[in-house]
2 protein chains.
Amino acid sequence: MTDAQPSRPIPVAAGGEKISFRDVKAEIRRRIEQRVWAPGDLVPGEVELAEEFGCARATVNRAMRELTEEGLVDRKRKAGTRVRMTPLRQARFEIPLVRAEITGAGAKYRYALLSREVQAAPPWLCARLALRADSRALHLTCLHSADGVPYQYEDRWISLVALPQAETADFQTRGPNEWLVEAVPYSEVEISFLACAATPGVAAALGLEPGEPVFTVERTTWWAGAALTLVRLSYERGHRMTTRY
Amino acid sequence: MTDAQPSRPIPVAAGGEKISFRDVKAEIRRRIEQRVWAPGDLVPGEVELAEEFGCARATVNRAMRELTEEGLVDRKRKAGTRVRMTPLRQARFEIPLVRAEITGAGAKYRYALLSREVQAAPPWLCARLALRADSRALHLTCLHSADGVPYQYEDRWISLVALPQAETADFQTRGPNEWLVEAVPYSEVEISFLACAATPGVAAALGLEPGEPVFTVERTTWWAGAALTLVRLSYERGHRMTTRY
DNA sequence: CAGTGGTCTAGACCACTAT
DNA sequence: TAGTGGTCTAGACCACTGA
């Protein structure tokens, strides 16, 4: 680990304009990407950079803080700031409501409730949601279509212990997801992406062959420490979640 | 859309301690989660909140800015800050190197190069990476194992136009990913998650039946506008990517 | 214990945009 | 055009941690 060269190429300040933290951030990023400061290098301190850029330390601080969040550098008090050996890569996906996903793509959204049943929560569900045995649960299956083509199959369990009002809610015209977002908008979520084989039910709803690979999202939702709902979303053939970073 | 109640329950300031932006953030979050401020409500302005909390406006500003990033509120100049009708949900996944993924789970990492071939890039690859026809490319397949069990199958193409030094690099002992991270640490990436059926090659390497569902990550990497590499990572049976938010 | 980042403040000016 | 958030500054004190 060598330290960075003194390297004072071009004080970015051009006109009489005031330096923004964005300018600082962009310049630091440039130096890292172009290896002016190589991985492992020690970056000059905030005071020094503030002098170089002709701005307040707080401005440099904000720039560096954001670069830290983005995984380019690593900061430690007293030790200083170093360019990460391996940039920390993180993918961010927005999780929209199906309706928004479909209408956003310019297609017509259609929702259908396929089945609805109140029953004792099966053991696997109790284990999964930390419910007491024989808790009651609402089991729903639904289909979301885009321009008449099946897009997403939803298999959902709602704990009637945590959400008794779900038993009388109307899921004929609106999906349970939308109902839940209104009933409990701010909750804690665990989400998983996985590939699994289409069960006969899923295959029938989505027009697939049983056993065909299905991209699946599984989401568990909690509020105030209590499990509310578990849902498996199975997507149409060839679906992918994509992002850039 | 009603406006939030005046609602001044408990000025958080307890002891003579200085208020942190974390305190402000936590309190605002609490009020939103517990519906003191309902979805759609207008939140008091920064000046007013600063008075309530007995801190500087900058402190409130930082708290609110972070809550904005986290998707709880929506801010517009002049219009003020509103609680989002639907919290903006976003899932963040860390993308580690396979080696870190495996050793991090306490297992022993093993790497094997299965095949290596220099050839003219096939048309589909040229299209995908915006290469000129007949560009040369390096095609590699590798297997990453955890405690001797196949964990991830890697099918990678590297553009020899953009990275000629890849032709002489040694991929016998270290995976191409690690080589790339050193050669071109800071690049632009497009990543997709999908489910696909195991091809015979994938199935053989991972010990699956052909046609079985495979969780797959596809990643394209660019630097300075030029495509460097395209990789498909196929995971062991039942693999899932999980995160909380 | 000394150096670096982390945070707060009080004040100022600016940019956007609803009205 | 006025009100709200967005950002910068200069200065201060603090917290962590490497030497």
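This structure is a prediction, so every number in the text was calculated from the model and none was measured. Letters go in sequence order (proteins before strands), and every chain restarts at 1.
Atom P of nucleotide dC14(C) and atom NZ of K18(A) are separated by 8 Å, given to the nearest angstrom. D74(B) places its CG atom 12 Å from the P atom of dG5(D), with the value rounded to the nearest Å. We find that NZ of K76(A) is positioned 15 Å from P of dT4(C), with the value rounded to whole Å. For the pair L49(A) CG and dT4(C) C1', the interatomic distance rounds to 12 Å; values are reported in whole Å. Remark: P of dT9(C) and CD of E46(B) are 13 Å apart, rounded to the nearest angstrom. Atom CG of L42(B) and atom P of dT19(C) are 10 Å apart (whole Å). Nucleotide dG6(D) holds its C1' atom 9 Å from the CZ atom of R22(A), rounded to whole Å. Here the C1' atom of nucleotide dG6(D) and the CD1 atom of I19(A) are 17 Å apart, to the nearest Å.
Along DNA chain D, the nucleotide nearest to R77(B) and the one nearest to A58(A) differ in position, and the one closer to the 5' end is contacted by R77(B). Each of R75(A) and K78(A) was assigned the nucleotide of DNA chain C with the nearest heavy atom; the assignment lying further toward the 5' end belongs to K78(A).
Within the 4.0 Å cut-off from OP1 or OP2 of dG11(C), not a single side-chain nitrogen or oxygen of R57(B) is found. Close to dG6(D), at under 4.0 Å from its OP1 or OP2, lies a side-chain N or O of N61(B). Remark: T81(A) is in phosphate contact with dG5(C), judged by side-chain N or O atoms under 4.0 Å from OP1 or OP2. Of the side-chain N and O atoms in T59(B), none sit less than 4.0 angstrom from OP1 or OP2 of dT7(C).
Between dT7(D), dT9(D), dA2(C), one nucleotide has an atom nearer to the side chain of C55(A) than all others, and that is dT9(D). With distances taken from any side-chain atom of F21(A) to the nucleotides dC8(D), dT9(D), dG18(D), the minimum falls on dC8(D). Side-chain atoms of A56(A) lie closest to dA10(D) of the nucleotides dT7(C), dA18(C), dA10(D).
Taking a cutoff of 4.0 Å between a charged side-chain nitrogen and a carboxylate oxygen, R31(A) and E27(A) qualify as a salt bridge. In summary, R128(A) and E190(A) do not engage in a salt bridge, as defined by a charged side-chain N under 4.0 Å from a carboxylate O. Ion pairing of R89(A) with E94(B) is absent here, as no side-chain N (NZ or NE/NH1/NH2) approaches a carboxylate O to less than 4.0 Å.
Looking at heavy atoms from C-beta onward, L180(B) lies out of side-chain contact with E182(B) at the 4.5 angstrom threshold.
Counting non-hydrogen atoms under 4.0 angstrom, A79(B) reaches the backbone sugars and phosphates but no base. Residue R65(B) is classed as having no contact, given no heavy-atom separation below 4.0 Å to the nucleic acid.
No side-chain N or O of Y109(B) forms a donor-acceptor pair with one of E101(B) less than 3.5 Å apart.
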